[in-house]
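These notes concern the structure reproduced below.
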Amino acid sequence: MADDHASRLSDVYRDLHAHPELSFQEHRTAGVAAAWLKDLDYEVIEGIATTGVAGVLRNGDGPTVLLRADMDALPVQEATGLEYASQVDGVMHACGHDMHVTCLLGASSELAASRADWSGTLVTVFQPAEETAGGAEGMVADGLFDRVPRPDVVLGQHVAPLPAGTIGLRAGPAFAATDALRVTLYGAGGHGSRPETTVDPVVMAAATVMRLQGIVAREVAATDMAVVTIGAVRAGSKNNIIPDDAELLLSIRSYDPAVRAKMLRAIERIVRAEAEASGATREPQLELMESAPAVINDAAAADRTRAALASVVGAQAVVDPGPVTGSEDVGVLAAAAGAPIVFWLLGGADPAAFAGASGLAELAGIVAGLPSNHSPLYAPVAHPTIRVGVNALSAAAREWLARPAS
Ligand SMILES: [Zn+2]
Ligand SMILES: [Zn+2]
């Protein structure tokens, strides 16, 4: 990557980081992506599922490769103190999707500039709303694959607190399925001094929260991956008022669809039983808000792609991160296209933090102590992350595209 290109990308990254946008509101980001692709003479389709952008570069006969980046930020108040920190109150690129957009713009440029060296069709997709797990589905429902050629492979990456300069790739189950569930518990409010005249939804919620912990501990086999997290508990407004209702927001992760179904059944059973036990006069409500399937990296496709990634960072720097409990909706694009997916982790943590670490256990300990994605302190280093991310996408795409006919 030429120096002027690298510095332009670093400016783009800082600009995107300073201007984060929430899910399905990525208008400015989409504009940046579309303008960049038009400059490179890609066919550009905008407004797919509101803010989605797709660029198509037709370059002769050969396979079609789809590269994907997500664009949305999170409702987090940034606390990094970076000079290019978010200028939007309460919104932050805390998951690094600004890095994904930057790297895909860089790869779009690299692959356009080197088009004499490959043959086929490149599709670059800038997806809205990964964080709410609706963006990939939205683009498919809005006719993505009627509007761009259907790919032979879907490739992408997610920045993670691994050392910058390393890549994490796992064949098979790589990212967990996710379900977001809203539970509303109905009590009967009243004066805080006279609880006997009420059905207290706060106590009902507390009992439910504790009881839900038993699902993973007691109902799922130790050999199965499962997470039930209650990320929000909302009830009441004042110390001496017993409120009418309480709300719980749950995040559920799994790999095995049977485990997922079992957890959802157990959650419903416990929520209804605790409401009954509390004397609730009205049935609780359970609402599945968002879901995304697990990302299962195609084994043969992952092997083929690993070789390309190794050419960028060296074989010893392509590590197996194990199955990740985080989730991604990118698998929806691959499933809709009927194509294999290969999705890897891009190291973004300052390599200096790992100085002197010997062995995997020590490395894992350092990773565990670093701010993770979604933290108000999450701050991937721009260098060498951008360069590696651009080269990883470009090399992986080139691996799947054809050599030109000579
Ligand atoms: Zn995220
Ligand atoms: Zn993310």
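One-based numbering, in listed order, for ligands and for the atoms of each. Here the structure is a predicted model, which means the values were calculated and not measured. Hydrogens, waters and symmetry mates play no part in the numbers below; they use all other heavy atoms, side chains included.
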Which atom pairs, one a donor and one an acceptor, fall under 3.5 Å between side chains of residues 223-240 and the rest of the protein, sequence neighbours left out?
from: Arg234; atom 1: NH1; to: Glu247; atom 2: OE1; distance (Å): 2.9
from: Lys238; atom 1: NZ; to: Asn240; atom 2: OD1; distance (Å): 3.1

Which donor-acceptor pairs under 3.5 Å do the side chains of residues 164-178 make with protein atoms, sequence neighbours left out?
from: Thr166; atom 1: OG1; to: Pro163; atom 2: O; distance (Å): 2.6
from: Arg170; atom 1: NE; to: Pro173; atom 2: O; distance (Å): 3.4
from: Arg170; atom 1: NH1; to: Asp320; atom 2: OD1; distance (Å): 3.1
from: Arg170; atom 1: NH1; to: Asp320; atom 2: OD2; distance (Å): 2.9
from: Thr178; atom 1: OG1; to: Arg253; atom 2: NE; distance (Å): 3.4

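With sequence neighbours excluded, the residues satisfying side chain to side chain contact (heavy atoms under 4.5 Å, CB included) with Glu268 are Arg272, Leu286.
Of the N and O atoms on the side chains of Glu274 and Thr208, not one donor lies less than 3.5 Å from an acceptor on the other residue.
At a cut-off of 2.8 Å, measuring from the Zn ion (ligand 2), the protein N, O or S atoms that fall short of it are Cys95 SG, His97 NE2, His158 NE2, waters left aside.
In this structure, CG in Leu67 is found 8.0 Å from OG in Ser394, a value given to the nearest 0.5 Å.
Salt bridge Glu219/Arg265: absent, no basic N to carboxylate O contact under 4.0 Å.
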